[in-house]
Amino acid sequence: MRKLKVYLLSMVAVVLASCGTSHTVPITGRTQSLMVEDGQVLGLATQQYQEFMKTAKLSTNAANTAMVKRVGQNLANAVTNYMTSHGLASEIANFNWTFNLVQDKQVNAWCMPGGLIVVYEGILPVTKDEASLAIVLGHEIAHAVARHSAEQMSTQMKQQQGLQIGAAVAGMLGMGTNTTSLIGAVVANGFNFKNLKYSRDHESEADHMGLIFAAMAGYDPQTAVSFWQRMAAQGGNKPSEFLSDHPSDETRIRQIQGWMPEALQYYKKGGATQKTAAKAATSTKSGQMKTFHISSKKK
(Lines give C-alpha, C1' and ligand atoms only; values in the text may rest on other atoms or scores of the structure.)
Protein backbone atom coordinates (compact mmCIF):
# COMPACT_ATOMS: atom_id res chain seq x y z
CA MET A 1 0.00 0.00 0.00
CA ARG A 2 2.83 2.41 0.87
CA LYS A 3 4.48 1.84 -2.51
CA LEU A 4 1.17 2.51 -4.21
CA LYS A 5 0.71 5.79 -2.34
CA VAL A 6 4.23 6.92 -3.17
CA TYR A 7 3.65 6.01 -6.81
CA LEU A 8 0.38 7.97 -6.91
CA LEU A 9 1.97 11.01 -5.29
CA SER A 10 4.82 10.85 -7.76
CA MET A 11 2.33 10.78 -10.63
CA VAL A 12 0.56 13.81 -9.16
CA ALA A 13 3.92 15.63 -9.05
CA VAL A 14 4.52 14.86 -12.72
CA VAL A 15 1.07 16.12 -13.67
CA LEU A 16 1.52 19.35 -11.69
CA ALA A 17 4.92 19.94 -13.25
CA SER A 18 3.50 19.56 -16.74
CA CYS A 19 0.33 21.62 -16.26
CA GLY A 20 0.02 25.15 -17.50
CA THR A 21 -0.52 26.92 -20.80
CA SER A 22 2.25 26.65 -23.36
CA HIS A 23 3.34 29.98 -24.82
CA THR A 24 6.03 30.99 -27.29
CA VAL A 25 8.05 34.12 -26.56
CA PRO A 26 8.17 36.52 -29.54
CA ILE A 27 11.57 37.11 -31.21
CA THR A 28 13.43 34.35 -29.32
CA GLY A 29 10.91 31.56 -29.96
CA ARG A 30 11.44 30.07 -26.49
CA THR A 31 8.58 27.96 -25.14
CA GLN A 32 7.34 28.71 -21.63
CA SER A 33 4.65 27.17 -19.42
CA LEU A 34 2.33 29.58 -17.62
CA MET A 35 -0.02 28.72 -14.76
CA VAL A 36 -1.50 32.20 -14.26
CA GLU A 37 -3.91 34.10 -16.47
CA ASP A 38 -3.08 37.47 -18.02
CA GLY A 39 -6.06 39.03 -16.29
CA GLN A 40 -4.72 38.07 -12.86
CA VAL A 41 -1.24 39.40 -13.58
CA LEU A 42 -2.33 42.64 -15.26
CA GLY A 43 -4.82 43.43 -12.53
CA LEU A 44 -2.21 42.98 -9.81
CA ALA A 45 0.35 44.96 -11.81
CA THR A 46 -2.00 47.90 -12.28
CA GLN A 47 -2.78 47.96 -8.57
CA GLN A 48 0.91 47.90 -7.60
CA TYR A 49 1.82 50.52 -10.18
CA GLN A 50 -0.88 52.82 -8.88
CA GLU A 51 0.31 52.36 -5.30
CA PHE A 52 3.87 53.25 -6.29
CA MET A 53 2.85 56.37 -8.19
CA LYS A 54 0.86 57.66 -5.22
CA THR A 55 4.12 58.26 -3.37
CA ALA A 56 6.52 58.83 -6.29
CA LYS A 57 7.45 62.35 -7.35
CA LEU A 58 7.18 62.97 -11.06
CA SER A 59 10.10 64.72 -12.69
CA THR A 60 9.73 68.46 -13.09
CA ASN A 61 12.07 68.47 -16.09
CA ALA A 62 9.66 68.94 -18.99
CA ALA A 63 12.22 68.16 -21.70
CA ASN A 64 13.36 64.90 -20.12
CA THR A 65 9.79 63.85 -19.35
CA ALA A 66 8.79 64.48 -22.97
CA MET A 67 11.84 62.52 -24.16
CA VAL A 68 10.95 59.47 -22.05
CA LYS A 69 7.35 59.51 -23.28
CA ARG A 70 8.42 60.07 -26.90
CA VAL A 71 11.00 57.28 -26.98
CA GLY A 72 8.67 54.99 -25.05
CA GLN A 73 5.80 55.59 -27.44
CA ASN A 74 8.04 55.04 -30.47
CA LEU A 75 9.01 51.67 -29.04
CA ALA A 76 5.42 50.81 -28.12
CA ASN A 77 4.33 51.60 -31.68
CA ALA A 78 7.10 49.45 -33.15
CA VAL A 79 6.26 46.54 -30.84
CA THR A 80 2.56 46.86 -31.63
CA ASN A 81 3.31 46.86 -35.37
CA TYR A 82 5.49 43.76 -35.01
CA MET A 83 3.01 41.84 -32.89
CA THR A 84 0.13 42.74 -35.19
CA SER A 85 2.01 41.75 -38.34
CA HIS A 86 2.85 38.37 -36.78
CA GLY A 87 -0.70 37.61 -35.67
CA LEU A 88 0.11 38.28 -32.01
CA ALA A 89 -1.91 41.44 -31.44
CA SER A 90 -4.09 39.70 -28.84
CA GLU A 91 -1.06 39.19 -26.58
CA ILE A 92 -0.73 42.92 -25.96
CA ALA A 93 -4.36 43.94 -26.51
CA ASN A 94 -4.79 44.74 -22.81
CA PHE A 95 -1.51 46.60 -22.43
CA ASN A 96 -1.82 50.20 -21.23
CA TRP A 97 1.51 51.68 -22.31
CA THR A 98 2.54 54.16 -19.62
CA PHE A 99 5.91 55.91 -19.32
CA ASN A 100 6.69 57.99 -16.23
CA LEU A 101 9.92 59.75 -15.29
CA VAL A 102 10.28 60.12 -11.53
CA GLN A 103 12.60 62.02 -9.25
CA ASP A 104 15.06 59.45 -7.99
CA LYS A 105 18.86 59.33 -8.19
CA GLN A 106 18.94 55.56 -8.64
CA VAL A 107 20.41 54.40 -11.94
CA ASN A 108 17.40 52.29 -12.74
CA ALA A 109 14.19 51.73 -14.69
CA TRP A 110 11.57 49.00 -14.49
CA CYS A 111 8.43 47.70 -16.12
CA MET A 112 5.32 46.03 -14.74
CA PRO A 113 3.24 43.61 -16.81
CA GLY A 114 0.99 45.48 -19.21
CA GLY A 115 3.60 48.02 -20.26
CA LEU A 116 3.61 50.13 -17.09
CA ILE A 117 7.07 51.66 -16.99
CA VAL A 118 9.00 53.92 -14.63
CA VAL A 119 12.32 55.58 -15.42
CA TYR A 120 14.41 57.13 -12.65
CA GLU A 121 16.12 60.44 -13.39
CA GLY A 122 19.38 58.92 -12.16
CA ILE A 123 19.75 56.78 -15.27
CA LEU A 124 19.58 59.67 -17.76
CA PRO A 125 23.20 60.83 -17.21
CA VAL A 126 24.23 57.28 -18.15
CA THR A 127 21.99 56.90 -21.18
CA LYS A 128 23.09 60.35 -22.45
CA ASP A 129 21.03 60.16 -25.66
CA GLU A 130 17.70 58.91 -26.98
CA ALA A 131 19.18 55.84 -28.66
CA SER A 132 20.61 54.57 -25.36
CA LEU A 133 17.36 55.40 -23.59
CA ALA A 134 15.64 53.27 -26.25
CA ILE A 135 17.93 50.37 -25.30
CA VAL A 136 16.82 50.71 -21.67
CA LEU A 137 13.13 51.05 -22.47
CA GLY A 138 13.31 48.26 -25.05
CA HIS A 139 14.73 45.96 -22.37
CA GLU A 140 11.97 46.87 -19.92
CA ILE A 141 9.22 46.49 -22.53
CA ALA A 142 10.64 43.08 -23.42
CA HIS A 143 10.05 41.84 -19.87
CA ALA A 144 6.36 42.64 -20.29
CA VAL A 145 6.01 41.23 -23.80
CA ALA A 146 7.80 38.01 -22.78
CA ARG A 147 5.53 37.64 -19.74
CA HIS A 148 8.48 37.14 -17.44
CA SER A 149 6.50 38.04 -14.31
CA ALA A 150 3.83 35.45 -15.10
CA GLU A 151 6.51 32.86 -15.82
CA GLN A 152 8.32 33.50 -12.54
CA MET A 153 5.04 33.32 -10.63
CA SER A 154 4.26 30.02 -12.38
CA THR A 155 7.69 28.63 -11.51
CA GLN A 156 7.26 29.53 -7.84
CA MET A 157 3.83 27.88 -7.79
CA LYS A 158 5.22 24.67 -9.25
CA GLN A 159 8.11 24.66 -6.78
CA GLN A 160 5.77 25.18 -3.83
CA GLN A 161 3.61 22.32 -5.03
CA GLY A 162 6.71 20.18 -5.41
CA LEU A 163 7.78 20.90 -1.83
CA GLN A 164 4.34 20.01 -0.50
CA ILE A 165 4.27 16.74 -2.42
CA GLY A 166 7.81 15.95 -1.29
CA ALA A 167 6.83 16.48 2.33
CA ALA A 168 3.84 14.17 1.89
CA VAL A 169 6.01 11.47 0.31
CA ALA A 170 8.58 11.77 3.11
CA GLY A 171 5.81 11.36 5.67
CA MET A 172 4.53 8.23 3.99
CA LEU A 173 8.03 6.79 3.97
CA GLY A 174 8.11 7.19 7.73
CA MET A 175 10.73 9.92 7.86
CA GLY A 176 10.78 12.02 11.02
CA THR A 177 9.78 15.67 11.15
CA ASN A 178 13.38 16.86 11.49
CA THR A 179 14.54 14.82 8.50
CA THR A 180 11.59 16.03 6.41
CA SER A 181 12.30 19.66 7.36
CA LEU A 182 15.98 19.27 6.51
CA ILE A 183 15.20 17.79 3.11
CA GLY A 184 12.72 20.59 2.47
CA ALA A 185 15.30 23.22 3.37
CA VAL A 186 17.92 21.68 1.07
CA VAL A 187 15.47 21.48 -1.83
CA ALA A 188 14.24 25.04 -1.24
CA ASN A 189 17.82 26.28 -1.24
CA GLY A 190 18.37 24.47 -4.52
CA PHE A 191 15.30 26.17 -5.95
CA ASN A 192 16.69 29.56 -4.90
CA PHE A 193 19.89 29.02 -6.87
CA LYS A 194 17.90 27.72 -9.81
CA ASN A 195 15.67 30.79 -9.68
CA LEU A 196 18.71 33.04 -9.89
CA LYS A 197 19.55 31.38 -13.18
CA TYR A 198 15.96 31.75 -14.36
CA SER A 199 16.22 35.46 -13.57
CA ARG A 200 19.55 35.79 -15.40
CA ASP A 201 18.06 34.00 -18.38
CA HIS A 202 15.12 36.40 -18.36
CA GLU A 203 17.46 39.38 -18.19
CA SER A 204 19.41 38.06 -21.16
CA GLU A 205 16.22 37.41 -23.10
CA ALA A 206 15.05 40.96 -22.35
CA ASP A 207 18.42 42.29 -23.57
CA HIS A 208 18.00 40.32 -26.80
CA MET A 209 14.39 41.33 -27.42
CA GLY A 210 14.95 44.91 -26.29
CA LEU A 211 17.82 45.29 -28.73
CA ILE A 212 15.52 44.16 -31.55
CA PHE A 213 12.67 46.41 -30.40
CA ALA A 214 14.96 49.45 -30.33
CA ALA A 215 16.19 48.64 -33.83
CA MET A 216 12.60 48.19 -35.06
CA ALA A 217 11.82 51.68 -33.77
CA GLY A 218 14.71 53.08 -35.77
CA TYR A 219 17.27 53.50 -32.97
CA ASP A 220 20.83 52.35 -33.62
CA PRO A 221 21.27 49.12 -31.61
CA GLN A 222 25.05 49.55 -31.62
CA THR A 223 24.65 52.18 -28.90
CA ALA A 224 23.82 49.30 -26.52
CA VAL A 225 27.48 48.31 -26.22
CA SER A 226 28.68 51.76 -25.16
CA PHE A 227 25.69 52.16 -22.85
CA TRP A 228 26.45 48.92 -20.98
CA GLN A 229 30.10 49.87 -20.84
CA ARG A 230 29.05 53.07 -19.08
CA MET A 231 26.82 51.04 -16.77
CA ALA A 232 29.77 48.78 -15.94
CA ALA A 233 31.85 51.85 -15.15
CA GLN A 234 29.32 52.84 -12.46
CA GLY A 235 31.15 50.41 -10.18
CA GLY A 236 29.75 49.38 -6.83
CA ASN A 237 29.81 46.01 -5.10
CA LYS A 238 28.48 43.33 -7.41
CA PRO A 239 28.13 39.66 -6.51
CA SER A 240 29.54 36.97 -8.75
CA GLU A 241 27.27 36.09 -11.66
CA PHE A 242 26.50 32.70 -10.11
CA LEU A 243 25.01 34.42 -7.04
CA SER A 244 23.32 37.24 -8.96
CA ASP A 245 19.91 37.52 -10.60
CA HIS A 246 21.50 39.55 -13.42
CA PRO A 247 24.22 38.60 -15.92
CA SER A 248 27.62 40.18 -15.32
CA ASP A 249 28.44 43.31 -17.32
CA GLU A 250 30.99 41.34 -19.32
CA THR A 251 28.47 38.60 -20.17
CA ARG A 252 25.87 41.17 -21.08
CA ILE A 253 28.13 43.05 -23.49
CA ARG A 254 29.38 39.83 -25.08
CA GLN A 255 25.83 38.58 -25.65
CA ILE A 256 24.71 41.90 -27.09
CA GLN A 257 27.60 41.86 -29.53
CA GLY A 258 26.52 38.39 -30.59
CA TRP A 259 22.95 39.55 -31.27
CA MET A 260 24.06 42.69 -33.08
CA PRO A 261 23.98 41.29 -36.66
CA GLU A 262 20.36 40.26 -36.13
CA ALA A 263 19.44 43.64 -34.64
CA LEU A 264 21.12 45.53 -37.47
CA GLN A 265 18.91 43.71 -39.98
CA TYR A 266 15.89 45.22 -38.25
CA TYR A 267 17.60 48.60 -37.97
CA LYS A 268 18.17 48.77 -41.72
CA LYS A 269 14.43 48.43 -42.17
CA GLY A 270 13.59 50.64 -39.21
CA GLY A 271 14.13 54.17 -40.48
CA ALA A 272 10.60 54.41 -41.80
CA THR A 273 9.29 52.74 -38.67
CA GLN A 274 10.76 55.42 -36.46
CA LYS A 275 9.35 58.21 -38.63
CA THR A 276 5.91 56.62 -38.56
CA ALA A 277 6.08 56.11 -34.80
CA ALA A 278 7.32 59.64 -34.19
CA LYS A 279 4.54 61.06 -36.33
CA ALA A 280 1.96 58.99 -34.46
CA ALA A 281 3.35 60.08 -31.09
CA THR A 282 3.32 63.74 -32.15
CA SER A 283 -0.27 63.56 -33.35
CA THR A 284 -1.44 61.91 -30.12
CA LYS A 285 -3.02 64.35 -27.72
CA SER A 286 -1.56 64.34 -24.24
CA GLY A 287 -4.98 63.67 -22.79
CA GLN A 288 -5.14 60.41 -24.69
CA MET A 289 -1.98 59.05 -23.08
CA LYS A 290 -3.21 57.55 -19.84
CA THR A 291 -0.70 57.94 -17.04
CA PHE A 292 -1.50 56.21 -13.77
CA HIS A 293 -0.56 58.28 -10.76
CA ILE A 294 0.37 54.93 -9.24
CA SER A 295 2.96 52.18 -9.79
CA SER A 296 4.62 48.82 -9.32
CA LYS A 297 7.64 47.05 -7.97
CA LYS A 298 11.08 46.78 -9.42
CA LYS A 299 11.31 44.06 -12.05
Next on the checklist: My understanding is that only residues two or more places apart in sequence, or in another chain, count here; which of them pass side chain to side chain contact (heavy atoms under 4.5 Å, CB included) with Ala150?
Outcome noted: Leu34, Val36, Val41, Arg147
Next on the checklist: Let me confirm one number: the CG-CD1 distance from Asp207 to Ile256, rounded to the nearest 0.5 Å.
Outcome noted: 4.5 Å
Checklist outcome for this item: CZ (Arg252) and OG (Ser204) are apart, to the nearest 0.5 Å, by 7.0 Å
Next on the checklist: If I compare all heavy atoms of Tyr120 with all of Gln106, which pair ends up nearest, and what's the gap?
Outcome noted: CB-O, 3.3 Å
Item to check | Residues which pass side chain to side chain contact (heavy atoms under 4.5 Å, CB included) with Ala142, listed by chain and number, not counting sequence neighbours | outcome: Ala206, Met209, Phe213
Checklist entry - Are side-chain heavy atoms of Phe227 and Val136 found at a separation under 4.5 Å? => result yes
Checklist entry - For Gly115 and Phe95, which heavy atoms make the closest approach, and how far apart are they? => result N-CD2, 3.9 Å
Next on the checklist: Measuring from atom OG1 of Thr251 to atom CZ of Arg254, what distance do you get when rounded to the nearest 0.5 angstrom?
Outcome noted: 4.5 Å
Checklist entry - Do the side chains of Trp110 and Ile117 get nearer than 4.5 Å, heavy atoms only? => result no
Next on the checklist: Give me the atom names and distance for the closest heavy-atom approach of Ala144 to Pro113.
Outcome noted: CB-CA, 4.4 Å
Next on the checklist: Among residues at least two apart in sequence or on other chains, which ones pass side-chain hydrogen bond (donor to acceptor under 3.5 Å, both in side chains) with Gln103?
Outcome noted: none
Next on the checklist: Less than 4.5 Å apart, side chain to side chain, heavy atoms only: is that true for Phe99 and Ile141?
Outcome noted: yes
Item to check | hydrophobic_cluster_shared for Val79 and Leu42, side chain cutoff 4.5 Å | outcome: no
Checklist entry - Taking only residues two or more places apart in sequence or in another chain, which ones pass side-chain hydrogen bond (donor to acceptor under 3.5 Å, both in side chains) with Thr127? => result none
Checklist entry - Roughly how far apart are Tyr219 OH and Leu133 CG, rounded to 0.5 Å? => result 8.0 Å
Next on the checklist: So Ile135 and Leu211, do their side chains get closer than 4.5 Å, heavy atoms only?
Outcome noted: yes
Checklist entry - Can you get from Met67 to Leu75 by hopping between Ile, Leu, Val, Met, Phe, Trp and Tyr side chains that sit under 4.5 Å apart? => result yes
Checklist entry - Side-chain contact, heavy-atom cut-off 4.5 Å: Trp259 with Ile212? => result no
Item to check | Which residues share a ring-ring contact (aromatic ring centres under 6.0 Å, His included) with Trp228, sequence neighbours left out | outcome: none
Item to check | Under the ring-ring contact (aromatic ring centres under 6.0 Å, His included) test, residues paired with His86 that sit two or more places apart | outcome: Tyr82
Item to check | Presence of salt bridge, Glu203 and Arg200, under 4.0 angstrom | outcome: no
Checklist outcome for this item: So salt bridge (charged side-chain N to carboxylate O under 4.0 Å, His left out) across residues 101-117, not counting sequence neighbours, yields none
Checklist entry - Considering residues at least two apart in sequence or located in another chain, which fulfil the side chain to side chain contact (heavy atoms under 4.5 Å, CB included) criterion with Gln229? => result Val225, Ser226, Ile253
Item to check | Side chain proximity check, His143 to Ser149, heavy atoms < 4.5 angstrom | outcome: no
Checklist entry - Of all residues at least two apart in sequence or in a different chain, which pass the side-chain hydrogen bond (donor to acceptor under 3.5 Å, both in side chains) check with Glu205? => result Thr28, Arg30, His148
Item to check | Pairs meeting criterion ring-ring contact (aromatic ring centres under 6.0 Å, His included) with involvement of residues 23-46, two or more places apart | outcome: none
Checklist outcome for this item: Here the pair of heavy atoms bringing Thr84 nearest to Ala89 is OG1-CB, 3.9 Å
Checklist entry - For Ser59, what residues pass the side chain to side chain contact (heavy atoms under 4.5 Å, CB included) criterion, not counting sequence neighbours? => result Asn61, Thr65, Leu101, Glu121
Item to check | Qualifying residues under side-chain hydrogen bond (donor to acceptor under 3.5 Å, both in side chains), relative to Gln257, sequence neighbours excluded | outcome: none
Next on the checklist: As an exercise, state the distance from CG of Asn100 to CG of Leu116, rounded to the nearest 0.5 Å.
Outcome noted: 9.5 Å
Checklist entry - How long is the span from the CG atom in Leu137 to the CD atom in Glu130, to the nearest 0.5 Å? => result 10.5 Å
Item to check | Nearest non-hydrogen partners of Ala215 and Ala263, listed with the distance | outcome: CB-O, 3.3 Å
Item to check | Pair Asp129-Ser132, side-chain hydrogen bond (donor to acceptor under 3.5 Å, both in side chains): steps then yes or no | outcome: CA-CA 6 Å; Asp129 52 45; Ser132 294; 3.0 Å; yes
Item to check | Met83 side chain reached by Val145 side chain, heavy atoms, under 4.5 Å | outcome: yes
